[in-house]
Structure formats: structure tokens, C-alpha cells
*Asks:* 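First the structure, which I've put down as C-alpha cells, then a few questions once you've had a look.
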Amino acid sequence: LKTQYLATSEGDLAIAAELLQRGELVVFPTETVYGLGADALNKNAVAKIYQAKGRPSDNPLIVHVSGIAEVSRVAVGIDPLALQLMERFWPGPLTLVLPKRSNVPDSVTAGLETVAVRFPNHGVACELIRRAARPLAAPSANRSGRPSATTWQAAAEDLDGRVAAIVCGEPTGLGLESTVVDGTDHIPLILRPGGITLEALKAFAPNIIPYSGLGSGQSQTPSDAHRNSPGLRHQHYQPRAKVIVLESITLLQHDTAAIPPQSALQLKASHFIGCTSPEPGLFRKVIVCDDVKEYAAKLFDCFRNADADAAVAIYCESVPEDGLGVALMDRLRRASNSSDNNVHS
Ligand code: AMP
Ligand code: MG
């Protein structure tokens, strides 16, 4: 398959929309990460997503719409609170799990009775959905298990020759995926932390059940047994370089003489990302960010750069677990594979 590289001009988006209508795959930018899109109501098109990504068939997809009214094309019996959440947080990085309509192919939802839906806050993404005139199923535009793509070049690295077209937009602003909330019950439950923070959701829905860590692939309370997110069972976000989460970088800043020579060699062949500057010369490459927002935006690109540079490891500074820091630490732990709760398959 020869991949077409398209611009974000009206003419090129018309070409992309036509490919989608014909059941082809098109990569497009959103405010979170790049998406790998297909017609959500065409099961042959959706099957191509799993094939192109090498995605396990038990990991359901997020359906993207360009307005609240469009949700009724894929979901029915929407709880009033879920509707209020849409009105408050859409367009934006919030995905809502809703009861699915019967016309949605089983492959989109991995056989579940629910469908995940999002209205992205991104002009190009919305224009493409409108022109295609149908909801688009779109997981992150990376090969399964790899870091998500935050630039079109990263998507091309993983998917060139596997998709009909790539819409070459700007690097994504947020750089982390959406927050996934199960909205099928009047007590909403956070299934995956992401761009919309717990604090923001709580201010609006005080009874919301917070994300409970990497274990939430299992149930959080007995009554939540049926409310989980299959995707959380799978390995995610991993570069080839080893990801090492640093609880504190004090040692690396002040006491470099205390680092054993073997470790010093490993550091010299490694990259660093965080908000604090390490001792100069310790790492081959450092990315020092002003805040968690910049850190989140740069993380996946840092992973891919480290691989291009054949780095041995990527040392990632921990951040406080509030606001966007919850989602960032979740991605770091999954990438570093350090949680006992993480179930691999
Ligand atoms: P991705 O698009 O690769 O960022 O992954 C989509 C995420 O949404 C995965 O973690 C899925 O498990 C989750 N998801 C999609 N549909 C559902 C659903 N019906 N119920 C629960 N989680 C879902
Ligand atoms: Mg993904």
C-alpha cells in the first residue's frame, strides 16, 4: 500500500474524507495524539485498524464525532449525567463510555455492549469527520505497544505502507491521550487518566469514582466488576530503550562521584526527561521542561528520539500526582513496566 501524505488544506481533507468513505484508513491529528481513523460503522474498515496496528482484538476503539448530536448515531439511552459531562467538557480530551447502538460493529467495541465516544477539540480532526459525514473509529496512530504518535512523522514511522493516507498537521498540543470515563451509570468511573483532570471532573461530578491505578483493569469495587477498560490489560507506550522512573534526581545533581562507574557509563548512553536539570555531562541528551504540561507534550517524542539515537535507557523524573501529573505518571509506569498490577498479554 502506497501511503499518501496530505496537507490540512480543504482540497487535501476532501481527498482524506473520500478515502474514509471508501473504507480506507487515514491518520489525522487531534489535540491529544494522532489518530488512526476508519469509518466506525463499516466493519471491514474497522478490521483494517486492528491489522495495521497489530492491535489485540479484545481492545476496543474510541469513536470520534464532531458534535454532541452525532453521538446518537452510535449510542442510545444516554444517562443525563453523561450528557452533562459532554456539554461541560466537549470538545476536549474526555472519552465517554456509553451504551452502544446495535448498528455499531462488534469489532469497534470488542464485543462489549458499550461504546467509547469523544468529540476532539481540533479543527482539522472535526473538519475531517464532518467531510467524511460519519463517526470515525480512531485509536492512537502507533503500532500496538509502541509510544503514541504526537507528530505525523512518528505516525509515519509506525504506519507508512499500512494506511491509505496521513494528514500531516502540527504536533499535538496535549501529547497524552484522553481521560476515559464510564458514563453508563449515574456514578461515573474514571477508567483511564488523561487530558481532563480528576480535579476538573470532580468539580462538576462530585461523586465520580477516581481512577484507581494500574489495577483498574480489574474491578475497583465489587459493584464495578462489569465496569472496566479492556485496553488497560495490555502493554503500552513502550520504546525499545528501557524506561527508568526516577523518584528523585538529587543523587544525580549533587553526588555524581557516588555513582558507580558501570552506572555512569549507562547514564552516558541514556537520555533524561524531567523538570529539573541534572549535572551537565551525565546523560547523552537531556530534555528539561518548565512544567508538567510541557513534560507531557514532549514525553512520547522523547521516547521515539531515544530509540532513533539507540539510547540504552530513558531516565524520567517523577512528578507530583495531581492535575495532569496523574496521567503522566500512569504513562511512565506503564512504559517502565514497573507495576506489579500490570497484567501483560
Ligand atoms: P487508544 O485509542 O489506543 O488510546 O485506546 C482506547 C482506550 O479506550 C483503551 O484503553 C480502551 O480499552 C478504552 N475503551 C474503548 N472502548 C471502551 C469500552 N466500550 N469500555 C471501556 N473502555 C473502552
Ligand atoms: Mg493507544
Side-chain angles (χ1 to χ4, degrees), residues 25 27-28 30-38 40 46 49-50 52-65 71 74-76 78 82 93-101 104-118 120 125 135-150 154-155 158-159 172 174-185 188-196 209 211 214-220 224-239 299-300 303 327 330-331 334-335 342-343 345:
L25 301 182
V27 169
F28 62 94
T30 79
E31 83 278 33
T32 56
V33 299
Y34 270 71
L36 169 55
V46 172
I49 291 181
Y50 287 90
K53 284 197 63 146
R55 185 174 175 107
S57 60
D58 65 349
N59 189 3
L61 309 176
I62 295 173
V63 174
H64 291 66
V65 296
V71 175
V74 294
V76 284
I78 299 165
L94 176 69
T95 295
L96 286 163
V97 172
L98 305 168
K100 96 175 185 82
R101 251 182 79 155
V104 178
D106 280 342
S107 51
V108 170
T109 64
L112 297 173
E113 287 308 305
T114 53
V115 62
V117 191
R118 184 169 99 81
L136 300 180
S140 49
N142 52 276
R143 293 274 289 163
S144 192
R146 299 264 300 140
S148 301
T150 54
D158 278 19
L159 298 169
T172 58
L174 187 60
L176 297 182
E177 300 77 2
S178 59
T179 303
V180 179
V181 170
D182 182 339
T184 57
D185 193 274
L189 166 70
I190 301 180
L191 296 173
R192 174 178 77 181
I196 298 288
I209 305 171
Y211 172 67
L214 291 174
S216 72
Q218 292 91 46
S219 56
Q220 305 192 344
D224 294 328
H226 64 293
R227 307 172 77 195
N228 61 36
S229 195
L232 299 178
R233 288 194 297 267
H234 297 285
Q235 214 146 3
H236 261 96
Y237 317 117
Q238 295 186 333
L299 181 70
F300 289 135
F303 283 1
D330 170 72
R331 304 307 187 267
R334 287 175 190 282
N342 208 352
V343 182
S345 51

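Start at 1 and go down the list; that is how both ligands and their atoms are numbered.
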*Asks:* Atoms of ligand 1 less than 4.0 Å from L191 heavy atoms?
*Replies:* 21 (C)
*Asks:* How long is the span from the NE2 atom in H64 to the CZ atom in F28, to the nearest 0.5 Å?
*Replies:*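 Taking NE2 in H64 and CZ in F28, the distance rounds to 5.0 Å.
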*Asks:* My understanding is that we take every heavy atom of each candidate and find the minimum distance to atom 2 (O) of ligand 1. Doing that for G111, S178, P139, which one comes out nearest?
*Replies:*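 Selected option, by shortest heavy-atom distance: P139.
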*Asks:* Consider ligand 1: state whether an atom of it lies below 4.0 angstrom from any non-hydrogen atom of T109.
*Replies:*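 The answer is no: ligand 1 sits nowhere under 4.0 Å from a heavy atom of T109.
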*Asks:* Atom OG1 in T30, atom CD1 in I62: separation rounded to 0.5 Å?
*Replies:* 9.5 Å
*Asks:* Among all protein heavy atoms, pick the one closest to atom 14 (N) of ligand 1 and tell me residue, atom and distance.
*Replies:* P60 CG, 3.8 Å
*Asks:* To the nearest 0.1 Å, how far is atom 3 (O) of ligand 1 from its closest protein heavy atom, and which atom is that?
*Replies:* R55 NH1, 3.0 Å
*Asks:* For the Mg ion (ligand 2), decide whether S140 has an N, O or S atom at a distance under 2.8 Å.
*Replies:* yes
*Asks:* Can you name the closest pair of heavy atoms from P135 and V74 and give their distance?
*Replies:* CG-CG1, 3.8 Å
*Asks:* Of the protein's non-hydrogen atoms, which lies at the shortest distance from atom 21 (C) of ligand 1, and what is that distance?
*Replies:* N228 O, 3.4 Å
*Asks:* Between T179 and G194, is there a donor-acceptor pair closer than 3.5 Å when you use the side chain of the first and the backbone of the second?
*Replies:* yes
*Asks:* How many angstroms lie between atom CZ of F300 and atom OG1 of T172, to the nearest 0.5 angstrom?
*Replies:*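 Between F300 CZ and T172 OG1, I get 9.5 Å after rounding to 0.5 Å.
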*Asks:* Using only atom types and a distance under 3.5 Å, with no angle test, would you say the side chain of R192 pairs donor to acceptor with the backbone of Y211?
*Replies:*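 No; judged by distance alone, with no hydrogens or angles, the pair does not exist.
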*Asks:* Can you tell me how far apart CG (L176) and CG (D330) are? Round to the nearest 0.5 Å.
*Replies:*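 Here the rounded value is 9.0 Å.
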*Asks:* Looking at non-hydrogen atoms alone, which of R118, R192, K100, E177 comes nearest to atom 1 (P) of ligand 1?
*Replies:* R192
*Asks:* Nearest to atom 13 (C) of ligand 1, what protein heavy atom do you find, and at what distance?
*Replies:*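 It is S229 OG, 3.3 Å.
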*Asks:* Using a strict 4.0 Å threshold on nitrogen-to-oxygen distance, state whether R118 and E31 make a salt bridge.
*Replies:* yes
*Asks:* Roughly how far apart are R334 CZ and Y237 OH, rounded to 0.5 Å?
*Replies:*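 That separation rounds to 6.0 Å.
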*Asks:* Which ligand 1 atoms are under 4.0 Å away from a heavy-atom of L61?
*Replies:*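 Once the distances to L61 are compared, the set is 15 (C), 16 (N).
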*Asks:* Applying a 4.0 Å heavy-atom criterion (strictly less than), which segment of H236 is in contact with ligand 1: side chain, backbone, both, or neither?
*Replies:* neither
*Asks:* Can you sort out which atoms of ligand 1 are near A116, meaning under 4.0 Å from one of its heavy atoms?
*Replies:* 15 (C), 16 (N), 17 (C)
*Asks:* Less than 4.5 Å apart, side chain to side chain, heavy atoms only: is that true for H236 and S148?
*Replies:*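 SC-SC contact between H236 and S148 ruled out.
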*Asks:* Going by the atom numbers of ligand 1, which of them fall below 4.0 Å from some non-hydrogen atom of L112?
*Replies:*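 So the atoms of ligand 1 that pass are 18 (C), 19 (N), 20 (N).
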*Asks:* Drop me the distance from D106's CG to E113's CD, to the nearest 0.5 angstrom.
*Replies:*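 Atom-to-atom, D106:CG and E113:CD are 7.5 Å apart.
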*Asks:* If we set the cut-off at 4.0 Å for heavy atoms, which region of V33 has an atom near ligand 1: side chain, backbone, both, or neither?
*Replies:*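 The answer is neither.
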*Asks:* Provide the number and element of each atom of ligand 1 under 4.0 Å from a heavy atom of N59.
*Replies:*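 Those atoms are 9 (C), 11 (C), 12 (O).
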*Asks:* With atoms numbered from 1 as shown, which atoms in ligand 1 lie under 4.0 angstrom from a non-hydrogen atom of S140?
*Replies:*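 Selected atoms, number and element: 2 (O), 3 (O).
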*Asks:* Going by the atom numbers of ligand 1, which of them fall below 4.0 Å from some non-hydrogen atom of T114?
*Replies:*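 Answer for ligand 1: 18 (C), 19 (N), 20 (N).
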